Structure formats: structure tokens, C-alpha cells
Amino acid sequence: MIVAAALKSQPKQTAKPRSRQFLMRRFPGQALAIRRFLKTLQSWLRTHHIGATRCHDIELALAEVLNNIREHALISCPNTEITVQCRKTPVMLSVVVKDFGPPMPDETPPKGLPPPVLAQCPDLPEGGFGWMLVNELATKVRYNRQADCNQLHLHFDPEPADPPEFKLQRLKQSQ
Amino acid sequence: MNISSRTSGGAQIVTINDSRIDAAVAIQFKEHIRKETESGPRRVILNLSHVDFIDSSGLGAIVATMKLLGEERRLELSGLQENVAKVFRLTRMNSVFAIHQSVADALADER
């Protein structure tokens, strides 16, 4: 009640419209539906004046997460829906992705270490890059399973202090 | 997928006229390129100048294409926009492919 009263007392012209701070979408776990969502996400991100490079990082990370759900958790039930909730604060973009597929193995998201890339054609990996990209591009990644629901929480700094390529360099140096 | 192909300067130039190579088109992409490059010059230059988004499925499709060409032929890339170049850098695939600024550069850089 106190919060409601406080919100009510705020002058309308200074408050950012609630609809702009949140984006919630539910769509089937199918490649074209995911693509359509990513387009909506791009338009929404741009209303928050996030730089084009960071917008691309966020879109790519979400593309990897959503297609991973489609290819693994929802492989046997492609009409099952995925829910994405995005919230923009002045310092952070937080995204929660939910699906009702089976849990991740060991209920832990993959570490996403870069696969070995060899300059020899027969051995070149064609996959295994998705989680590495997610971990590089997102500021924070957390997973939990609650009542048969997979919940992946992603946080993105609007402008990361440690851009993805520097993060990767640091990782390589520490190996 | 909208893909066009021509031969110039002893190389086959395959241009992707779509703006995305993502999970929605990765299989289609692989199949199209396989057909386009069934026969032809040793060098195949993939012109990506119209592409502004690629994900790991798209990247995988490009790697698969390179592998399909075999050891006798070579897949090179040209015209990578920054968003696309970044994916190659983050996955270290930039060390695997010859990458040219443009198709003209690729043709001038005949090796």
C-alpha cells in the first residue's frame, strides 16, 4: 500500500512508462518464432539507447540460449512455448528465459569452454560454440530448476567494463 | 535463401544476399552452397557483405561447407561486417579461414 501510494504520488512525466521497462513474450520453441522474437527484442533494446554493438551481443546471446532450448530441451515437443522476460534498469538488463523441457544435465549450464580449433579441415568443430558465446557475451549467467521449469537468468551490463574479446583473452591467459 | 554465384578471376564467388545466417536457415544454407559448389574452380570466395547477423549454427554451416569442399578446394571469406567478424574472432575461427576485406581484395590476393 505504501509503495502504491508512493508510486501514485510520482509525477507522471518523470516516470518511464512501465511498458518500456519490461518486455515479456511467449512463443513456440521453433526457429522462425525465435527469429521473430529477436527482431522484437532488437527494437525494444534500441528504445533504451543501448549501443549497437551491445545490442548485437545481447541478440546473439539470446539466439544461442533460445536455439539451445529448441534443439535440446524441446526437441521432442517443438510446439511447447518458451517465455522470455526482459527488464531494463538504469544499470542493467536482466533477462529470464523459461521453458518446461527436461532439466539441463546435472542441472548446471555448460561451462562453454572454447572447443579446440585446429587448422585441419577434417577435425574442425562444427558446433559447441553456443554456450561459450553466451558466457562471453553475458555479464552473469545463472540457472535454476523450479517446479519442472528451467529458468535461465542472464544479466547484461549496457556497456560492459570487460568487453567480450578482452574477457576471452583473459580466459586464455589463465589457462 | 537468396544466394547467387559467379566465376571471376579463376575463383567462384558465392554471394549471400540475405542479412542473416542463423539457426532458422543453417541447413538450407549448407544445402544451397553444396549445390552451388559441386564443381568449379579450386577457390571458393564466400561474399558475406550483406550479412549482418550470424549465430553458432550459421558458423557451423560455414565450417561444414569448408569441410565438404575437401582438401583440394578452399573456402575463403570476404566482406565481413563487424557483427559477423566478431563471431569469428570469439570462436577463434578467424585463424582457420582466409578472410578478405572485399571480393575485389580476395581476387587481387590470388595465391
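Order of the sequence lines fixes the chain letters, A, B, ..., with proteins taken first and strands second; residue numbering starts at 1 for each chain. Worth knowing before you read on, the calculation uses all heavy atoms, side chains too, and leaves out hydrogens, waters and symmetry mates. None of the values given here were measured: they were computed from a predicted structure.
- Residues A:Val96 and A:Phe27 do not share a hydrophobic cluster, clusters being chains of Ile/Leu/Val/Met/Phe/Trp/Tyr side chains in contact below 4.5 Å.
- If you chain together hydrophobic residues whose side chains sit under 4.5 Å apart, A:Val134 and A:Tyr143 fall into the same group.
- Under a cut-off of 6.0 angstrom, the local environment of CZ in A:Arg87 is sparse, with at most 12 non-hydrogen atoms contributed by other residues, nucleotides or ligands.
- Using a 4.5 Å cut-off between non-hydrogen atoms, the part of residues 15-25 of chain B that approaches chain A consists of B:Arg20, B:Asp22, B:Ala23, B:Ala24, B:Val25.
- Note on B:Ile33: it clusters hydrophobically with B:Met1, by side-chain heavy-atom contacts below 4.5 Å among ILVMFWY residues.
- Interface remark: A:Ile34 contributes no atoms to any contact with chain B (heavy atom separation under 4.5 Å).
- Between A:Arg35 atom CZ and B:Phe53 atom CZ the span is 9.5 Å, to the nearest 0.5 Å.
- Shortest non-hydrogen contact noted between A:Pro125 and B:Met93 is O-CE, 3.6 Å.
- Following chains of ILVMFWY side-chain contacts shorter than 4.5 Å, one cannot reach B:Ile62 starting from B:Ile13, and the two form parts of different hydrophobic clusters.
- Contact annotation for A:Glu59: both backbone and side-chain heavy atoms come within less than 4.5 Å of a heavy atom of chain B.
- With contacts defined as side-chain heavy-atom distances shorter than 4.5 Å, the pair B:Lys86/A:Asp57 qualifies.
- Here the shortest heavy-atom pairing between B:Leu90 and A:Met132 reads O-CE, 3.0 Å.
- Tracing side-chain contacts under 4.5 Å through hydrophobic residues (I, L, V, M, F, W, Y), one reaches A:Val141 starting from A:Ile58; they form part of the same cluster.
- The contact between B:Leu59 and chain A is made entirely by side chain atoms (from C-beta outward), counting heavy-atom distances below 4.5 Å.
- Counting heavy atoms of neighbouring residues, nucleotides and ligands inside a 6.0 Å radius, atom CZ of A:Arg26 does not exceed 12 of them.
- Heavy-atom pairs under 4.5 Å with chain B were tallied for A:Leu133, A:Leu66, A:Leu60; the largest tally goes to A:Leu60.
- Between B:Lys67 and A:Glu126, some side-chain heavy-atom pair lies under the 4.5 Å cut-off.
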